[in-house]
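See structure below.
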Amino acid sequence: RTYPPCSRFNKSNIVALGIVKKIDIARVISENGAKSEETQIMQFEIQENFKGSAKKFIFLKSSYGMCSRSFKVGEKFIVFSSSVDDGSNIYQVNVDYSLKGEKDFESDIEYCRKAKKGIAGATISGVFVKSLREEVEDSVKFKEIVGANILIKGSKSSFKVKTDEDGRFYLSGLKADTYEIKT
């Protein structure tokens, strides 16, 4: 997961749950002809629309190669795309998706359903690290703090969460309030 779902949802023009129905590979060549890359063009059947297009099918364009993921027919995922509908019905998808089977897939669906209804609430997230710097002249290096207990306290409620294997935590669905974070 690159960003929490609230960030991806808010930055996207289209958010939808669907399934890949068909894939074509296209070669895109730059205007000056110096660079070419392969691109997947996927026919994506929307099963549940959270934001944006109300169409049953859209086309998703994905880079294809060393730094990108190769999608497969039949895969189900949530697409978060910031592409603008220019009438071509083609949207860009690179790293902004949640694939069925990933650990956060179900919670991302739940967040998107609530966000569509306007009841998703706020999200608090962060990373806890410890400095490994010993002297002022040393370069700054950090180590993630795994399993740290975090207390998120508001005026009416409080929550306990733990940092994950990357030292990250996040809590979503919060009501408007002022929150204090303690370890």
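- Judged by distance alone, with hydrogens and angles left aside, the side-chain atoms of D177 form a donor-acceptor pair with the main-chain N or O of S155 at under 3.5 Å.
- Using cut-offs of 30° and 60° for the angle between ring planes, the F9 and Y111 rings count as perpendicular.
- No side-chain donor-acceptor contact under 3.5 Å links K56 to the backbone of I46.
- Note on L151 and V146: separate hydrophobic clusters, where clusters join Ile, Leu, Val, Met, Phe, Trp and Tyr whose side-chain heavy atoms are under 4.5 Å apart, directly or indirectly.
- Closest heavy-atom contact between Q40 and I25: CG-CD1, 3.7 Å.
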message = Pair E48, R113 - check salt bridge (charged side-chain N to carboxylate O under 4.0 Å, His left out), show working.
response = CA-CA 9 Å; E48 191 171 349; R113 286 179 178 146; 2.8 Å; yes
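- Across all their heavy atoms, C112 and I78 have their closest contact at SG-CG2, 4.4 Å.
- Side-chain contact between F80 and S98 is present, with heavy atoms from C-beta onward closer than 4.5 Å.
- In this structure the side chain of V79 never reaches within 4.5 angstrom of the side chain of Y91, judged on heavy atoms.
- Summarising the geometry, atom CD1 belonging to I181 is positioned 9.5 Å from atom CG belonging to L171; distances are rounded to the nearest 0.5 Å.
- Distance alone, capped at 3.5 Å, places no donor-acceptor pair between the T163 side chain and the R168 backbone.
- Note on V15: it does not cluster hydrophobically with I19, by side-chain heavy-atom contacts below 4.5 Å among ILVMFWY residues.
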inquiry  = I124 vs Y179, test: side-chain contact (heavy atoms from CB on, under 4.5 Å). Steps then yes/no.
reply    = CA-CA 9 Å; I124 294 177; Y179 292 91; 3.6 Å; yes
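- If you check the side chains of K162 and N149, you find a donor sitting under 3.5 Å from an acceptor.
- A salt bridge does not link E75 to K100: none of the charged nitrogens lies less than 4.0 Å from a carboxylate oxygen.
- In this structure the side chain of I145 never reaches within 4.5 angstrom of the side chain of V129, judged on heavy atoms.
- Under the 4.5 Å side-chain criterion, counting only non-hydrogen atoms from C-beta, I14 is in contact with I58.
- In the hydrophobic clustering of ILVMFWY residues, with side-chain heavy atoms under 4.5 Å counting as a link, V73 and F71 come out together.
- K153 has no carboxylate O lying under 4.0 Å from a charged side-chain N of E180, or vice versa, which leaves the two without a salt bridge.
- Contact check for L99 versus F105: no side-chain heavy atoms found under the 4.5 Å cut-off.
- The heavy-atom pair separating V20 from K72 by the smallest distance is CB-O, 3.5 Å.
- With rounding to the nearest 0.5 angstrom, the CD1 atom of I150 is 11.5 Å from the OG atom of S125.
- Residue D164 holds its CG atom at 10.5 Å from CZ of F169, rounded to the nearest 0.5 Å.
- Side-chain contact check for K76 versus Q47: some heavy-atom pair is nearer than 4.5 Å.
- For S107 (side chain) and D104 (main-chain N/O), a donor-acceptor pair under 3.5 Å exists by modelled atom type.
- I152 CD1 to S158 OG: the interatomic distance, rounded to the nearest 0.5 Å, is 10.0 Å.
- Atoms OG and NZ, from S12 and K51 in turn, are 6.0 Å apart once rounded to the nearest 0.5 Å.
- Note: K61 NZ to D24 CG = 14.0 Å, rounded to the nearest 0.5 Å.
- With F44 as the partner, the ring pair (Phe, Tyr, Trp, His ring centres under 6.0 Å) test is satisfied by one option alone out of F77, F57, F59: F77.
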